[in-house]
Protein chains: 2
Amino acid sequence: MPADTSIIPEVRLNLVAPDIEAPVAVATLLADRNRTTILAILRDGPHCVCELAAALGERSNNVSNHLARLREAGLVRASRMAADTRRVYYERDEAACTAALSQLKGVLEPIR
Amino acid sequence: MPADTSIIPEVRLNLVAPDIEAPVAVATLLADRNRTTILAILRDGPHCVCELAAALGERSNNVSNHLARLREAGLVRASRMAADTRRVYYERDEAACTAALSQLKGVLEPIR
DNA sequence: GAACTGTGTCACCCGTGACTGACACAACCG
DNA sequence: CGGTTGTGTCAGTCACGGGTGACACAGTTC
């Protein structure tokens, strides 16, 4: 005879996948060692490309590529300083970083 | 005449790249649409593989692969329930998720 | 026992993305 | 002006990882 199926939880096939584009985009940026290290180093203030390249042990054009990705995402800003216009200094956009963190909280934090 | 070089910031080539293995590992897991969606869906309680597969529009073996990655990272747990031993139910490990979020905070939050 | 459903494992294919090399541009110096 | 340094761009190459297909295993039903 069949078991009491009433206590077997029904399979829910109508689950809706939530919108996770933004957090995935943030995580994709952080999923690279060089980009995450750049963001970590910039926490102590602006640095130029050559400094970051030396710290990472990477070529400057490669670092420049990663900085472009971070810049397009708004996480960092580039500027030439008056005292040293030859080098380009990058600094974090703390507001954007906080917003990015919020996206990840939306996935990793318990339901509110 | 030469500019006053004393105001030109010296290039710091002695920067030390911080340890970012853990946050990169977390971000790598979240950098995939299916894995992030799984974590988001599991916020409302345990679900079996077939439910997750239906919600994602993916095949169950593919979802099982992603769940294995999440399981190895400790973010989810698998269990067979007494009322339905045929299916495997997955649930979030909230403590591990919180710990994972802390790793990302260490990169995205401003310096303390 | 056989048949079936749900899940897990693994080799394979293939697209995405990181690193490279060559080159171009910007800003300084002689 | 030409030379040098710092940075950016882009096509090419290659490794990594996600999806698939085939199969094995667990648990249930007949």
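Quick note: numbers below take in every heavy atom, side chains included, and nothing from hydrogens, waters or symmetry partners. Chain naming here is simple, since letters A, B, ... match the order of the sequence lines and numbering starts at 1 in each.
- In this entry the distance linking CD1 of B/I38 with P of C/dT7 reads 12 Å, nearest Å.
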Practice prompt. Could you walk me through whether B/V76 and B/L39 pass side chain to side chain contact (heavy atoms under 4.5 Å, CB included), step by step?
Written response: CA-CA 8 Å; B/V76 300; B/L39 283 177; 3.9 Å; yes
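- OP1 and OP2 of C/dT7 both lie 4.0 Å or more from every side-chain N or O belonging to B/R59.
- Distance check, rounded to the nearest 0.5 Å: CD of A/E51 to CD1 of A/I38 gives 12.5 Å.
- Between B/Y90 and B/A78, the shortest heavy-atom contact is CE2-CB, 3.4 Å.
- Atoms CG (A/D32) and P (D/dG17) sit 12 Å apart, rounded to a whole Å.
- For the pair A/L52 CG and D/dG8 P, the interatomic distance rounds to 10 Å; values are reported in whole Å.
- When the P atom of D/dG21 is taken as reference, atom CD of B/E58 falls 12 Å away, rounded to whole Å.
- If you check residues 66-79 of chain B against DNA chain C, you find no residue with a heavy atom closer than 4.0 Å.
- For the pair A/N62 CG and D/dC14 P, the interatomic distance rounds to 17 Å; values are reported in whole Å.
- Closest-nucleotide positions on DNA chain C for B/R80 and A/N34 were compared, and the one nearer the 5' end corresponds to B/R80.
- Distance, B/Y89 OH to D/dG27 C1': 14 Å, rounded to whole Å.
- OP1 or OP2 of D/dG8 lies within a sub-4.0 Å distance of a side-chain N or O belonging to A/Y90.
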N/O donor to acceptor pairs below 3.5 angstrom from side-chain atoms of residues 98-106 of chain A, sequence neighbours left out:
residue, atom, partner, partner atom, Å
A/T98, OG1, A/E94, O, 2.9
A/S102, OG, A/T98, O, 3.2

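- In this structure, A/D84 places its CG atom 18 Å from P of C/dA26, rounding to the nearest Å.
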Run the side chain to side chain contact (heavy atoms under 4.5 Å, CB included) check on B/L30 and A/L108 step by step: do they pass? CA-CA 10 Å; B/L30 294 181; A/L108 288 177; 3.9 Å; yes
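- Checked options A/R71, A/R33, A/R35; the residue passing with A/H66 is A/R35 (criterion: side-chain hydrogen bond (donor to acceptor under 3.5 Å, both in side chains)).
- Mapping A/N61 and A/A82 onto DNA chain C by nearest heavy atom places A/N61 closer to the 5' end of the strand.
- The CG-P distance, from B/N65 to D/dA22, rounds to 16 Å in whole Å.
- A pairwise comparison of heavy atoms in B/G74 and B/A96 identifies O-CB, 3.2 Å as the closest pair.
- Regarding contacts with the backbone of D/dG6, every side-chain N or O of A/R86 stays at 4.0 angstrom or more from both OP1 and OP2.
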